[in-house]
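Report on the following structure.
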Amino acid sequence: NASYHLADCYLRAGDKESAMQAFAMASDESLDAAIAEDALFNYAKLQYELGGGAFNEAITTLAGYVQAYPDSPRIDEARELLLAAYFNSRNYEAAYEAIKQVRDPDNNVKAAMQKIAYFRALEQFQKEEYPEALRMFDVADANRFNAKYSALTKFWRAETYARQGNYARAIPLYRDYIQLSPGTEYENKVAHYNLGYCYFNTQRWGDAAASFHKFLSVYPTRDNLRADAYNRLGDAAFAQRDYREAVNNYDQAIRLNAPATDYAQFQRAVMLGLLDQRDRKIESLRDIISSGKGDYVDDAMYELGRTYVQTERFNDGAAVLKRLGVPMAPGNFVDKQGQVLGRHKGIARYTVGQRKGLGVSADRRLFVTAIDALTGNVTLQGSEALLCRQMTLSEVVWTSGEAPKQPVRATVKLRLGPREHAARVQPLGEQEALITFDQPVRRGAPGQSAVFYDGDTVVGGGVIGHAAP
């Protein structure tokens, strides 16, 4: 009794620290039980108040009180203090378990439930526990007392669906969030960017471009996010065969000098080749190589070597490809039967379909039809041997994000020319395909690219492997 009354005196004097210690002594259950319960409650409450609700001591004492006195008339207040302590210590999992135990929760408790469920869902999102995060967002949605967290729940629910590839459910949630939240919020600006990706990944190129343009209009920061948005605009233009617009957007990304500009520089060079501006393409590729920075130096070097060979600058092509370790040793020109027709200066100087610069005398025009890196042999045949009806592809990428279940009709453009050819494209797993052309076509060289279209829209593409008559 003395300790309890001493604590009361300290409280009246405004000395909460001393009152807390006195309540701790009075909470001994071996003494008066009623006084012990009241003292323990006040001891826990003062621990929470003095510690800002963030100390483990308050959580331990409050949890002990809830367990020891489940039928106390103070139990709901104790549980509210406990969940507040959990919330302030950012232990959202424990806070959620605590708040569920509150009987007849009022609106204040429900508002706390919304915040706790929201932050618990974010924790699960960060751990990639997406189904669990969605269930916790459901709890937050069921307790809409704070407009800010109601809107943010839509944003992060959309993020969760997008991570799962469920763009159909993510898109309307991003739209709702944009309408509900202030335009000054960071998430509001990023929502336009993320919405653009949802449209991009579902091949809705026009909607994707509109969203990325909107993002760029509200997000002036010159960082990698802005550069990436320009890159996706370039990719969307490429998918719609607007190569000049693609170059313009890649140029915008390059000017930002952010990490994403490496990709922009390489793609810009590829677009210049598609625009038949090979000199500018070569200049762009050389700039990438001379910088020696980024993830596309080797790709640029290989593409530069191939471009030199295609433009009959064989010595330049050989020099570049030699740096990549492509064999440069002399070898034999052979016919289909393996008979030696002459000598060459290294396979890097030649590409399938090449006619000029062979230096072999014959009674007809000869073309390179095969290159064997193991033997160093370059096979020469007449033009009829360049025709094929089938072609295998590796490293296939489908713009939809996954290979179709059935063969698709498409027009196919091979790297060696501007013409498109009607064909049937049959997926062989996720990254391989077999193209069967309606009419024989001049084969592309192994390692060159083939792109297939549905009308003006890119469906996919891959790297040419073997060709068959």
Side-chain angles (χ1 to χ4, degrees), residues 193 196-197 200-201 205 208-209 211-213 215-216 219-311 313 316-326 348 351 395-397 399 413 415-416 418 445 447-451 458 460-464:
Y193 173 85
Y197 258 105
F200 185 89
N201 290 333
W205 310 120
S211 291
F212 285 124
H213 277 302
F215 167 73
L216 292 169
Y219 188 85
T221 307
R222 298 175 61 82
D223 61 5
N224 202 51
L225 207 60
R226 188 173 178 86
D228 187 71
Y230 277 121
N231 281 340
R232 297 295 79 78
L233 284 169
D235 293 345
F238 166 56
Q240 298 174 91
R241 306 196 199 189
D242 191 345
Y243 305 134
R244 294 188 186 280
E245 180 64 16
V247 169
N248 290 338
N249 283 292
Y250 293 136
D251 281 340
Q252 292 283 0
I254 292 168
R255 292 189 186 102
L256 293 170
N257 197 28
T261 60
D262 294 343
Y263 174 84
Q265 288 175 317
F266 184 75
Q267 286 297 103
R268 177 182 183 275
V270 173
M271 294 303 106
L272 290 171
L274 292 173
L275 289 168
D276 204 27
Q277 298 180 25
R278 290 189 175 180
D279 288 343
R280 292 184 66 195
K281 175 184 179 181
I282 289 171
E283 180 184 0
S284 296
L285 292 171
R286 292 179 66 178
D287 286 343
I288 296 171
I289 296 166
S290 63
S291 74
K293 300 176 182 178
D295 297 330
Y296 291 88
V297 173
D298 287 346
D299 296 284
M301 195 176 297
Y302 182 71
E303 186 68 21
L304 178 61
R306 292 178 56 78
T307 305
Y308 278 142
V309 172
Q310 290 167 357
T311 54
R313 294 172 61 177
D316 290 334
V320 171
L321 294 172
K322 185 176 181 179
R323 290 172 62 186
L324 283 173
V326 178
T351 185
E395 300 179 37
V396 174
V397 176
T399 54
K413 183 176 181 180
R415 190 63 178 274
L416 55 82
Q448 291 183 335
S449 62
V451 180
V458 175
V463 177
I464 296 172

- Message: Other residues, nucleotides and ligands only: do more than 12 of their heavy atoms fall within 6.0 Å of CZ on R286?
- Response: no

- Message: Is the shortest side-chain heavy-atom distance between F266 and D295 below 4.5 Å?
- Response: no

- Shortest non-hydrogen pair, A229 vs L216, comes out as CB-CD2, 3.9 Å

- Message: Against F212, only a single residue in Y230, W205, Y197, Y219 fulfils ring-ring contact (aromatic ring centres under 6.0 Å, His included); can you say which?
- Response: Y197

- Query: Heavy-atom distance under 4.5 Å between the side chains of K281 and T307, does that happen here?
  - Reply: yes

- Item | Any side-chain heavy-atom pair of M301 and D299 under 4.5 Å | no

- Query: So, for A264 and A253, which heavy atoms are closest and what is the spacing to 0.1 Å?
  - Reply: CB-CB, 3.7 Å

- Task: Compare every heavy atom of D262 with every heavy atom of K293, then report the nearest pair and how far apart it is.
- Result: O-OD1, 4.5 Å

- Distance-only side-chain donor-acceptor flag, N248 / Q252, under 3.5 Å: no

- Task: Have a look at L285 and tell me which of V297, L272, L304 forms a side chain to side chain contact (heavy atoms under 4.5 Å, CB included) with it.
- Result: L304

- Task: Find out whether D316 and I282 are in side-chain contact, i.e. whether some heavy atom of one side chain is under 4.5 Å from a heavy atom of the other.
- Result: no

- Task: Just do the side-chain contact (heavy atoms from CB on, under 4.5 Å) check on D235 and Y250 with the steps written out, would you?
- Result: CA-CA 9 Å; D235 293 345; Y250 293 136; 2.4 Å; yes

- Decide yes or no on side-chain contact (heavy atoms from CB on, under 4.5 Å) for F238 and V270, but give the supporting numbers first. CA-CA 10 Å; F238 166 56; V270 173; 6.0 Å; no

- Between A260 and N231 the two heavy atoms that sit nearest each other are O-ND2, 2.9 Å

- Where is the tightest heavy-atom contact between I288 and S291, given as atom of each residue plus distance? O-OG, 2.7 Å

- Can we say R226 and D223 salt-bridge, meaning some charged N sits less than 4.0 Å from an Asp/Glu carboxylate O? no

- Output yes when a side-chain donor or acceptor of T261 lies under 3.5 Å from a complementary backbone atom of A258, and no otherwise. yes

- Query: In Å and rounded to the nearest 0.5 Å, what is the CD1 to CD distance from I254 to Q265?
  - Reply: 5.0 Å

- Find the distance between CD (Q267) and OG (S284) and round it off to the nearest 0.5 Å. 12.0 Å

- NZ/NE/NH1/NH2 to OD/OE distance under 4.0 Å, R268 and D251: yes

- Rounding to 0.5 Å, atoms OH (Y243) and CZ (R241) come to a distance of 6.0 Å

